[in-house]
Structure formats: structure tokens, C-alpha cells
Amino acid sequence: MTGPSSTPRAEHAPRPGTTWEQQLVRVETVVDDDTPDPQPNRKTRRAMQRAARRNP
């Protein structure tokens with residue numbers, strides 16, 4: 001195993017076609033009114049329990 005090199009690597013242009021292309025995608029989900037609310041995650045449940053203990 002070798003240590004870190006003291007000479008930095010030179011910059012180079014990437015190969016054609018390998019650059020990242022970003023596209024903003026918006027996804028909407030339709031939820032019926034009569035469906036039950038989703039369960040809160042663990043962090044939210046723990047915060048609610050802490051708040052309930054502080055406020056009797």
C-alpha cells in the first residue's frame with residue numbers, strides 16, 4: 001500500500017456521452033379521502049412520546 005501522492009493529478013475532459021444529464025421529474029400521487037393516514041416514522045413517534053411525557 002502506498003501513501004498519498006504529493007503531485008496532484010491533471011484535469012482531463014470526460015469521454016463523450018459520460019457527462020451527467022439532470023432532469024427534474026415531478027411525480028404526484030392521488031390518495032383517496034377515505035384511506036387511513038400513513039403511520040409516522042420512528043423519529044416522529046419518539047418525538048410525540050417525548051412531548052406526551054413532558055406535558056401531562
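The structure presented is a predicted model; accordingly, all values stated were derived computationally and were not measured.
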Got a list of side-chain donor-acceptor pairs under 3.5 Å for residues 37-47, not counting sequence neighbours?
residue	atom	partner	partner atom	Å
Asn41	OD1	Thr44	N	2.9
Asn41	OD1	Thr44	OG1	2.7
Arg45	NH1	Pro40	O	3.0

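- For residues 23-33, every residue pair satisfying the salt bridge (charged side-chain N to carboxylate O under 4.0 Å, His left out) rule, not counting sequence neighbours, is listed here: Arg26-Glu28.
- Grouping Ile, Leu, Val, Met, Phe, Trp and Tyr residues whose side-chain heavy atoms lie under 4.5 Å apart, directly or via other members, places Val27 in a hydrophobic cluster with Val25.
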